[in-house]
Engineer: 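Quick one: the structure is below, questions incoming.
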Amino acid sequence: MDINDIKKKRLLYDKGEDIYFSIYNILLLLKYLECVNEDKAFKDYRKLTFLIPIISDEVINTIFIDYYRAKNKINKNIRRRLSKIYNEGIENIAFIRYILLILEKNNIIKLISEENKVDLYLCEKDKLEKFLLNPIFSDEVRRISNIKSNKYQIAKVSYSTFINNLFKINGVSVWEE
Amino acid sequence: MGRIKIKDIKYEGDNYYYFNDNFKDGLNIILGENGNGKSTFTYLVIYALGGRVPYFEQDSKAPISVIVNDKNNYVEITLIINDNEYILNRKIGYNYISIYDKFKEEYITLSLIRNGYFYEKEGITFSDWIFNKLGINIIEINQNSNTHRVNFDDLMRLIYYDQKTENEKIISEFAINTSNFYKNGIIMRRSIFEILISNFFKEYYDTYFNLKELLTKKQDRVDKRNAIDVLIQNLRKNIGVTEEDKLLEKLEKDKNELNRLISIREGINSESSFEDNVIFRISELQKEMVKLISEKNMLKQLIEDIDEDLNKSLIVRENLKNDIKHLEKILFTSQYINIINEGKCPFCQEKLHIRENQCICGSDKYLEYHRFIYSDKEYINIMKSKIKGLKTANESIEYCENEKQNIINRYNEIEEQIQKNMNSIKQITEGATLNINSAAMDEITENIIKIKEEVSELEILKEKYNELTEISREIESIETMIKINKEKLDELEEEKQRTIENNLTEFEKIYGDYLRNFYGNDVINEISLDRNYMPIIGVYKEQSFNVPKRIFYYLSLLKLSLEKNINFPRFLIVDTMKAEGIDIEKLKRLLEYFKEFEGMECQIILTGGYEEHINELDKCVIEQLNDKDKLLKEKLQ
């Protein structure tokens, strides 16, 4: 690769499309939402695509806390922001699917296929313990605990309820039923 | 290049002692059963060479009690580095080593860490000392945004074959904290290997440190220039001159004004009527007021503009900070979970068979799929460019803030001046109706004093401008030097890489020959090193295979050091190869490979059990331990 290609590659870099970025966020979600066996599996992988920005960005995290289940009255700017999160999330689902397949291939997670959805859980918990407990992730862990509430049951809630509570209820137009 | 050889070793405390001076060139074997002190023997050597041995520490979870509970104990070795003899003495539990140079008959005590009394006193550590004796220059590696120095104990990780490290990992992790991101990092491991298989590039490191010095020098001049800049800013704020070329003009004008005012004052004193002068003064003041108010409005607009810029910069800075944090985590993840491997399909993890100019799917619409996969080095480069961006953002924020403060100061000054002028007009008009000239007189005197002060400030300003030009010229010349050195460093870097690559090919050949010879050509044919210099063997092997896989790696380094001029100090410590259920026959066969080093210009210290010992190597045994005669001997009270 010559120097121009290297520069181009650096310019093209987008963390949203970075495999390792998604990997560490997914693993942190599974660990701290305690999805570590089949009974506690994370329901419907598609929610991950929205949860990754929610736990990696402080502003989006705050928006989630303030507006999930229409806790506060929404304004135009926030709605626009939510709409952007929705559209980007939908675009990223295929990418997340690839990553999950890679992770399963590496025996890090287990996927459970059901009739119309795919659930997952973390299966190498002990081996990854040191990695996931590293203080480098303290911001993410804090943001996960912000959204972790018994009332919401983020890991267990169905995809359509999740979409409804975060987007539809706040007036964001969505494509799926 | 440098060579290390041990001549004798001694341990002594209030209760125990040990001494051995049977060390020779080539192979040195210590025989013993489990628990007789074979490993302790190697720990003593490592400790004397400045390494960390957790079992010797008071708060260790598994202390070697005879040593930890002994008092006033130390370990001492006579070390030969390139034909010079040194006696190294380290007290147990202390982080410094006393060295006696037998040739120069000099004593020196050096710290193992970069602080404390001994470091302050000598300015170097033990590691710096031994690197110097071995002819290895101080080496720095860049990881993320930090610079680290590679120390001697880091290089020991491929010189000391310990029992604690999982053999699969090859490079020793003895006494290394698992949470130490830097020591466990791939970049560190790669650097250790690269340093050991290369030779000393004096010109490269000279240029490197020269460049570093130039950069420091430049920073110093830039700081100086900034200080002058601030001074000039303050002076300009006081005087109200915004551009350099207006300075001389203003100086001239002030001098003229001074003469004019002085003559007016004389006129007031001599003339009986001053009505005209009062009117003149008021119209002057009026003109000034109009000017001041328009400037005030302009400044207000300027402040708003700057505020907008400032907000934008703050957002950019926040985003960059977040990106850097994410990249650090990405890098950490990639080092912990190494999923994307070159040569493997990123999706199915099977081996890739890509023909040239083809995509991963086989299509000839050539698309470099490498573009979507980032290596650690590329992540680091992305991070570096972000850090650079962050620096720029910080600078521009600082600049905006300074600029804003200057404008606010000027704004306040104008307000004050407007207020002052209002008062003056009031006073003059009051004085005029009363037909008293003292108010006008005071006003003029006040102005004379003010202008006189201004003139002296202008002269200082002129001088500072000259200084500024000079220092800028100096910075420019340093920058040219930096550029030249950078280019030279790039060239040398390339040359260094070429040497490493040549030696790497040689290493691969030696290592491959060892394994093929041990297992037979038909079992193993394809052996290569991955990007982290870890071996890839084409076929599945049983668990016990990890033993030959690791030991031959160390032996290959040793062998390479005998053939080529490299940094590896021709010194190897092997603490018991028996592990992972390897059978005795295989162990005996492995031992055969040590025979060729007999009498060579190198030193191997090998510990092992009686079971796997082969008689041909009897003459190499330098110590035999058993349950009744353990390593550390009790002193007779």
Side-chain angles (χ1 to χ4, degrees), chain A residues 1-28 52-53 55-61 94-95 97-109 122 124 127-141 143, chain B residues 144 173 177-182 184-185 315 318-342 344-350 360 366-389 490 494:
Chain A
M1 229 186 269
D2 72 24
I3 189 85
N4 277 328
D5 282 344
I6 291 170
K7 278 186 185 159
K8 219 184 285 169
K9 193 172 168 185
R10 202 184 301 164
L11 278 177
L12 282 171
Y13 180 76
D14 176 359
K15 73 171 178 326
E17 294 170 357
D18 189 281
I19 292 179
Y20 289 116
F21 176 76
S22 302
I23 286 179
Y24 79 73
N25 280 303
I26 292 171
L27 296 182
L28 288 167
I52 290 173
I55 66 155
S56 58
D57 186 302
E58 196 65 46
V59 176
I60 301 178
N61 193 255
F95 180 62
R97 197 155 50 219
Y98 277 130
I99 289 171
L100 294 181
L101 292 174
I102 293 171
L103 287 174
E104 189 181 39
K105 188 89 190 169
N106 280 276
N107 284 328
I108 292 172
I109 61 162
L122 191 64
E124 288 262 11
K127 206 171 157 190
L128 291 167
E129 194 83 327
K130 252 179 209 145
F131 168 70
L132 292 169
L133 286 177
N134 194 295
I136 196 168
F137 298 122
S138 61
D139 284 338
E140 280 75 7
V141 174
R143 291 188 202 113
Chain B
N144 304 351
E173 290 178 354
N177 206 327
T178 44
S179 64
N180 191 332
F181 182 37
Y182 150 63
N184 285 313
I315 291 171
E318 208 42 46
N319 286 343
L320 280 168
K321 270 189 190 163
N322 280 335
D323 283 352
I324 292 167
K325 268 197 213 160
H326 285 308
L327 275 164
E328 269 178 352
K329 289 172 208 166
I330 284 169
L331 204 57
F332 177 63
T333 309
S334 82
Q335 293 182 1
Y336 211 97
I337 307 176
N338 189 12
I339 277 176
I340 309 300
N341 226 326
E342 279 172 43
K344 270 188 184 175
C345 168
F347 304 116
C348 71
Q349 298 292 302
E350 295 301 321
I360 205 161
Y366 180 45
L367 178 72
E368 261 178 293
Y369 76 95
H370 281 289
R371 278 204 186 154
F372 302 98
I373 296 169
Y374 289 79
S375 71
D376 293 344
K377 203 173 160 192
E378 281 162 335
Y379 278 133
I380 287 165
N381 281 336
I382 294 169
M383 185 133 82
K384 269 188 190 158
S385 72
K386 299 256 179 203
I387 287 167
K388 228 171 164 183
D490 283 345
E494 239 173 70

Engineer: Side chain from CB out, backbone as N, CA, C, O: work out which of these in A:Leu27 comes under 4.5 Å of a heavy atom of chain B, or both, or neither.
Structural biologist: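 For A:Leu27, the contact with chain B is made by the side chain alone.
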Engineer: Between atom CD1 of A:Ile23 and atom OG of B:Ser334, what is the distance when rounded to the nearest 0.5 Å?
Structural biologist: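 Taking CD1 in A:Ile23 and OG in B:Ser334, the distance rounds to 9.5 Å.
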Engineer: Tell me which donor-acceptor pairs under 3.5 Å the side chains of residues 128-135 of chain A have, and how far apart each pair is, sequence neighbours excluded?
Structural biologist:
from, atom 1, to, atom 2, distance (Å)
A:Asn134, OD1, A:Ile136, N, 2.9

Engineer: Show the nearest heavy-atom pair for residues B:Tyr379 and A:Asp18, with the distance to one decimal.
Structural biologist: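 Heavy-atom minimum between the residues: OH-OD2, 2.6 Å.
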Engineer: Is it the backbone or the side chain of B:Asn381 that comes under 4.5 Å from a heavy atom of chain A, or both, or neither?
Structural biologist: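 For B:Asn381, the contact with chain A is made by backbone and side chain together.
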Engineer: Below 4.5 Å from any heavy atom of chain B, which atoms of A:Ser22 appear? Answer side chain, backbone, both or neither.
Structural biologist: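 Neither part, no heavy atoms under 4.5 Å.
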Engineer: Please classify the contact of A:Asp57 with chain B as side chain, backbone, both or neither, using a heavy-atom distance under 4.5 Å.
Structural biologist: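 The answer is neither part of A:Asp57.
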Engineer: Could you tell me the separation between the CZ atom of A:Phe137 and the NZ atom of B:Lys325, rounded to the nearest 0.5 Å?
Structural biologist: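 Reported to 0.5 Å precision, the distance equals 13.5 Å.
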Engineer: To the closest 0.5 Å, what do you measure between CG (B:Leu331) and OH (A:Tyr24)?
Structural biologist: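 It comes to 11.0 Å.
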Engineer: To the nearest 0.5 Å, tell me how far A:Asp139 CG sits from B:Lys329 NZ.
Structural biologist: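 Interatomic distance, A:Asp139 CG to B:Lys329 NZ, rounded to 0.5 Å: 5.0 Å.
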Engineer: Would B:Leu327 and A:Tyr13 satisfy side chain to side chain contact (heavy atoms under 4.5 Å, CB included), going step by step from the backbone distance to the final call?
Structural biologist: CA-CA 11 Å; B:Leu327 275 164; A:Tyr13 180 76; 3.7 Å; yes
